Amino acid sequence: MMILSEKLLKFHFFYKGFVAYIVANATDLLISPEQVTLLSANWADWEIKFKAYTTPDTYGSVSTSDINDAYETYAPRAETIRIQIRDNADIVLSGAAKINLNIKPLDKKPSKRLPPDFAPSIGLVKVGNLSVDLFVMDPNHPSKKAKPDGAKFIGSMVAFTGSDAPPPALDAYTTRVPEGKTNFSILYSSDKIGKKMWIICYYMSPTGKPSPLSAPLGVVLV
């Protein structure tokens, strides 16, 4: 039976429109030819892997591993370009651009610009099927699913080590795409099985300012 990830399906349809719009409007969006070439190549690779993942004859552990690896690589790259466009004052965005690039006006109210002054706690929900499921909670209210005041997103970073290794230095971590919910999954590929994934989370304000970082959570991947 095919069990497809909602996270991957949502990203696919966003990514499809995102790449197509940028390629067609690269000049107006001040996107360099090198960025367009890389983005186009990433989309072409994603499309192949997504088709294998969503086709019954090719769906399985291999295609799931491939698409998980692609997501954790291409989603942060797309987010970097999205923020680059959003924060460039020289770019005038049309309504179509805001829709296709998922760009909304930043909330600049002083009371909402600062994130919480404390770090979240990380709860491990489940490990398996090439996915680590987490619950990132307010340590002052651990039973509440809602984010605390000032937190719009959950930021996260991951690093990988041997199963018996201590937490790595901060510069070894890779920043992921911000999550909107306190329950979310981090995907991984089959070559990571047996390794330890280290996860650090933090709150983000509506304008992207980070809270203090959580303690790293180490999870041995199966």
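Note that the coordinates shown come from a computational prediction; the quantities given were computed from them, not determined experimentally.
- For the pair V132 and L187, the minimum side-chain heavy-atom distance is 4.5 Å or more.
- Cluster partners of M137 are V125, F135, counting Ile, Leu, Val, Met, Phe, Trp and Tyr whose side-chain heavy atoms approach within less than 4.5 Å, directly or via other members.
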- Would you check, one step at a time, whether the test side chain to side chain donor-acceptor pair (under 3.5 Å) holds for S131 with D133? CA-CA 6 Å; S131 173; D133 298 342; 2.9 Å; yes

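- I200 places a side-chain heavy atom less than 4.5 Å from the side chain of L170.
- Between S189 and L130, the shortest heavy-atom distance links the atoms C-CD2, 4.1 Å.
- Between the side chain of T182 and the backbone N or O of K145 there is at least one donor-acceptor pair closer than 3.5 Å.
- Note that the NZ atom of K98 and the CD1 atom of I103 stand 9.0 Å from one another [nearest 0.5 Å].
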- Begin from the C-alpha positions of K152 and K147 and carry the test side-chain contact (heavy atoms from CB on, under 4.5 Å) through to its verdict. CA-CA 7 Å; K152 178 70 172 178; K147 296 184 288 292; 5.5 Å; no

- Task: Apply side-chain contact (heavy atoms from CB on, under 4.5 Å) to the pair E72 and Y188, showing each step before the final yes or no.
- Result: CA-CA 8 Å; E72 295 292 344; Y188 59 93; over 6 Å; no

Expected list for residues 157-164: side-chain donor-acceptor pairs under 3.5 angstrom, two or more places apart:
| residue | atom | partner | partner atom | Å |
| --- | --- | --- | --- | --- |
| T161 | OG1 | W198 | NE1 | 2.9 |

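- Rounded to the nearest 0.5 angstrom, L39 CG and S32 OG are separated by 10.0 Å.
- Aromatic ring centroids of F11 and W46 lie under 6.0 Å apart.
- Counting non-hydrogen atoms of other residues, nucleotides and ligands closer than 6.0 Å to NZ of K16 gives a total of 12 or fewer.
- Y74 and V177 fall into different hydrophobic clusters, where Ile, Leu, Val, Met, Phe, Trp and Tyr are joined by side-chain heavy atoms under 4.5 Å apart, directly or via other members.
- With a 4.5 Å cut-off on side-chain heavy atoms, I85 and I31 count as touching.
- In terms of heavy atoms, C201 sits closest to S156 at SG-CB, 4.0 Å.
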- Kindly indicate, with the supporting measurements, whether the criterion side-chain contact (heavy atoms from CB on, under 4.5 Å) is fulfilled by Q35 and I81. CA-CA 9 Å; Q35 286 179 302; I81 293 176; 4.1 Å; yes

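- To the nearest 0.5 Å, atom CG of residue D138 and atom CG of residue D149 are 9.5 Å apart.
- Counting only heavy atoms from C-beta outward, the side chains of Y71 and D69 never approach each other to under 4.5 Å.
- Cluster annotation: V19 and I91 are assigned to the same hydrophobic cluster (Ile/Leu/Val/Met/Phe/Trp/Tyr, side-chain heavy-atom contacts under 4.5 Å, transitive).
- The CG atom of L221 sits 9.5 Å away from the NZ atom of K195 when rounded to the nearest 0.5 Å.
- The distance from the CD1 atom of I154 to the CG atom of N183 is 10.0 Å, given to the nearest 0.5 Å.
- A donor-acceptor contact closer than 3.5 angstrom links the side chains of R77 and N42.
- The shortest heavy-atom contact between V220 and V127 is O-CG1, 4.1 Å.
- Contact record, P115 with P210: CG-O, 3.3 Å, taken as the closest heavy-atom pair.
- The shortest heavy-atom contact between F153 and P178 is CB-CB, 3.9 Å.
- Side chains of P120 and S211 form a contact here, defined as non-hydrogen atoms less than 4.5 Å apart.
- Hydrophobic cluster membership differs between L101 and I99, with clusters built from Ile, Leu, Val, Met, Phe, Trp and Tyr side chains linked at under 4.5 angstrom.
- Rounded to the nearest 0.5 angstrom, K7 NZ and I67 CD1 are separated by 13.5 Å.
- Taking the six-membered ring for Trp and thresholds of 30 and 60 degrees, Y203 and F118 have ring planes more than 60 degrees apart, a perpendicular arrangement.
- Annotation for N88: atom CG counts as buried by contact number, over 12 foreign heavy atoms lying within 6.0 Å.
- A chain of hydrophobic side-chain contacts below 4.5 Å, direct or via other Ile, Leu, Val, Met, Phe, Trp or Tyr residues, connects L8 to M2.
- Heavy atoms only, all atoms of each residue included: Q84 and L30 are closest at NE2-O, 3.9 Å.
- By the 4.5 Å heavy-atom criterion applied to side chains, D45 and F50 are not counted as neighbours.
- L217 is not connected to Y173 by any chain of hydrophobic side-chain contacts under 4.5 Å among Ile, Leu, Val, Met, Phe, Trp and Tyr, and they are in different clusters.
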- Message: Would W43 and L38 count as a side-chain contact (heavy atoms from CB on, under 4.5 Å) here? Give the steps.
- Response: CA-CA 9 Å; W43 166 251; L38 180 60; over 6 Å; no

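- Salt bridge annotation for E6-K10: present, with a cationic side-chain nitrogen under 4.0 angstrom from a carboxylate oxygen.
- In this structure, T58 contributes its side chain and A52 its backbone to a donor-acceptor pair below 3.5 Å.
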- Task: Any chance you could lay out the side chain to side chain donor-acceptor pair (under 3.5 Å) test for D57 and T55, step after step, and finish with the verdict?
- Result: CA-CA 6 Å; D57 289 343; T55 300; over 6 Å; no

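- Counting heavy atoms from C-beta on, the side chains of V36 and S40 come closer than 4.5 Å.
- Using a 4.5 Å heavy-atom cutoff, the side chains of D66 and Y53 are not in contact.
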